[in-house]
Amino acid sequence: MSNTHVGAHPMIPRFIRLFSVPIFLGWIAIVVIVNIAVPQLEVVGEAHAVSFAPEDAPSMQAMITHRQGFPGVQFQQLGDDRPRE
């Protein structure tokens, strides 16, 4: 294995190596600016929350009818037929 070097380093890898610290700090600056300038995902999610099923969907109508017919009964989870005590 010879350790001879033929020609100069390619320009792009050499640029990245020489400016690695400024590139890294630039990425950190971009992350900080975006985090400050753009609203958080939780805030946007709460502000634009919508129902997964519209109120006039048959499943929602059935749930409303069920709650009106059995006002004190709450089921634990979807598909669970045992009411809570």
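Just so you know, these numbers use all the heavy atoms, side chains as well, and skip hydrogens, waters and symmetry mates.
Looking at residues two or more places apart in sequence or on another chain, you find a side-chain contact (heavy atoms from CB on, under 4.5 Å) between Pro54 and Asp56, Ala57. With sequence neighbours left out, Ile64 forms a side-chain contact (heavy atoms from CB on, under 4.5 Å) with Glu55, Gln68.
Hydrophobic cluster membership for Ile33: none, as no Ile, Leu, Val, Met, Phe, Trp or Tyr side chain comes under 4.5 Å of it. Think of Val34 as one node in a network of Ile, Leu, Val, Met, Phe, Trp and Tyr side chains linked at under 4.5 Å; its network also takes in Ile30, Val38.
Identified under the side chain to side chain donor-acceptor pair (under 3.5 Å) test for residues 37-47, with sequence neighbours left out: Asn35-Gln40. For residues 19-33, no pair satisfies side chain to side chain donor-acceptor pair (under 3.5 Å), with sequence neighbours left out.
Follow the hydrophobic side-chain contacts under 4.5 Å out from Ile23 and you reach Leu18 in the same cluster.
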